Trainee: 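Please read through the structure below; I'll follow up with questions.
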Amino acid sequence: MKSFSILALLSLIVNAAFAAQECEVCVKVMDDVRASMTKEQSRKKPEIEKALGAYCKKETLSSREKKICYYVDPIKRDVAQPFSLGMDSLKVCKRITKTNPELCTVKFPVQTQNLEKKDLGKLRVKQLKQILAERGVECKGCLEKEEFIKKVQDTEHLAGQEL
């Protein structure tokens with residue numbers, strides 16, 4: 001019985017980790033908004049809406065965070081309700097994903113700086129294609145994984161550029 005409960009706990013932790021990756025940008029935005037408010041303010045819906053607006057007006061946001069703000073802006077009230085109840089950021093994101101399914105599809109780019117060829121070899125072809133797409137590069141005629149890896153390495157200089 002004890003081993004069953006340990007397995008159940010481990011599966012919950014793994015599921016939470018995967019879910020956090022799924023909504024990683026939304027969770028970051030919600031955490032940043034929560035951090036900018038006092039505990040008392042985080043219980044009041046109008047204050048939450050103001051904090052979301054103030055956060056989204058920042059000039060230092062990445063393009064992905066701006067995209068989340070674009071999705072959240074029309075549904076601020078729907079976000080403020082679970083937020084005011086003290087629900088954690090992942091649950092808030094999951095709840096508002098019912099209103100706008102694109103929210104949890106926004107992901108941070110895969111970090112490729114300082115990756116060696118052996119590290120790139122551990123990635124799936126789908127992830128390699130995603131890296132190339134984020135760099136605005138198309139790999140025409142690439143069939144083998146090694147060709148995708150070579151193209152990722154050849155376009156390393158495009159890695160830090162936001163489109």
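Atoms considered below: every heavy atom in the structure, side chains included; atoms not considered: hydrogens, waters and symmetry mates. Treat the numbers as computed from the prediction; the structure is a model and nothing was measured. Throughout, numbering of the chain's residues begins at 1 and tracks the sequence.
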Trainee: Might you confirm whether atom CZ of R43 has over 12 heavy atoms from other residues, nucleotides or ligands at distances under 6.0 Å?
Mentor: yes
Trainee: I'd like to check the salt bridge (Lys or Arg N to Asp or Glu O under 4.0 Å) partners of K150; sequence neighbours left out, ordered by chain and number.
Mentor: D154
Trainee: Please test K67 against V25 for side chain to side chain contact (heavy atoms under 4.5 Å, CB included), starting from the C-alpha separation and ending with a verdict.
Mentor: CA-CA 9 Å; K67 194 171 196 176; V25 181; over 6 Å; no
Trainee: Work out which heavy atom in C104 is nearest to a heavy atom in T97; give both atom names and the distance.
Mentor: SG-OG1, 3.2 Å
Trainee: Please check if V92 and Y70 belong to a single hydrophobic cluster, counting links between Ile, Leu, Val, Met, Phe, Trp and Tyr side chain heavy atoms closer than 4.5 Å.
Mentor: yes
Trainee: Taking atom NZ of K129 and atom SG of C139, what is their separation to the nearest 0.5 Å?
Mentor: 9.0 Å
Trainee: Can you sort out the partners of K58 under side chain to side chain contact (heavy atoms under 4.5 Å, CB included), two or more places apart, ordered by chain and number?
Mentor: Y55, T60, L61
Trainee: Give the C-alpha distance, both sets of side-chain angles, the deciding distance and a yes or no for side chain to side chain contact (heavy atoms under 4.5 Å, CB included) between F83 and L52.
Mentor: CA-CA 11 Å; F83 204 96; L52 275 168; over 6 Å; no
Trainee: So, taking the atom named CD in E146 and the one named CG in L120, what distance separates them when rounded to the nearest 0.5 Å?
Mentor: 10.0 Å
Trainee: With sequence neighbours left out, what residues match D88 under salt bridge (Lys or Arg N to Asp or Glu O under 4.0 Å)?
Mentor: none
Trainee: First locate atom NZ of K98, then atom CD1 of I75, and finally report the distance between them rounded to the nearest 0.5 Å.
Mentor: 12.5 Å
Trainee: Taking only residues two or more places apart in sequence, or in another chain, which ones meet K145 in a salt bridge (Lys or Arg N to Asp or Glu O under 4.0 Å)?
Mentor: none
Trainee: If the condition is salt bridge (Lys or Arg N to Asp or Glu O under 4.0 Å), which residues does E40 pass it with, not counting sequence neighbours?
Mentor: K44
Trainee: Do L90 and L85 sit in the same hydrophobic cluster, where Ile, Leu, Val, Met, Phe, Trp and Tyr count as joined when their side-chain heavy atoms come under 4.5 Å apart?
Mentor: no
Trainee: Find out whether L103 and V72 are in side-chain contact, i.e. whether some heavy atom of one side chain is under 4.5 Å from a heavy atom of the other.
Mentor: yes
Trainee: If you measure from the Lys or Arg side-chain nitrogens to the Asp or Glu carboxylate oxygens, is any gap between K107 and E24 under 4.0 Å?
Mentor: no
Trainee: What's the spacing between E47 CD and M37 CE if we round to 0.5 Å?
Mentor: 7.5 Å
Trainee: Does NZ belonging to K91 count more than 12 external heavy atoms closer than 6.0 Å?
Mentor: no
Trainee: After noting the C-alpha distance and the side-chain angles of I131 and V137, does the key distance pass the side chain to side chain contact (heavy atoms under 4.5 Å, CB included) rule?
Mentor: CA-CA 9 Å; I131 292 168; V137 177; over 6 Å; no
Trainee: If you look only at pairs with a residue in residues 58-89, which of them pass as a disulfide bond (SG atoms under 2.5 Å apart), with sequence neighbours excluded?
Mentor: C56-C69
Trainee: I'd like to know if K151 and E138 make a salt bridge, using a cut-off of under 4.0 Å between side-chain N and carboxylate O.
Mentor: no
Trainee: Can you confirm whether R34 is buried at CZ, in the sense that more than 12 heavy atoms of other residues, nucleotides or ligands lie under 6.0 Å from that atom?
Mentor: yes
Trainee: Test Q130 against R124 for side chain to side chain contact (heavy atoms under 4.5 Å, CB included), laying out the working first.
Mentor: CA-CA 10 Å; Q130 180 185 4; R124 295 176 179 260; over 6 Å; no
Trainee: Cys pair C93/C26: SG distance under 2.5 Å?
Mentor: yes
Trainee: Would you say the side chain of D78 lies within less than 4.5 Å of the side chain of R95, judging by non-hydrogen atoms?
Mentor: no
Trainee: Distance check, rounded to the nearest 0.5 Å: S84 atom OG versus K45 atom NZ?
Mentor: 5.0 Å
Trainee: With rounding to the nearest 0.5 angstrom, report the CD1 to CD1 distance, I96 to I68.
Mentor: 7.5 Å
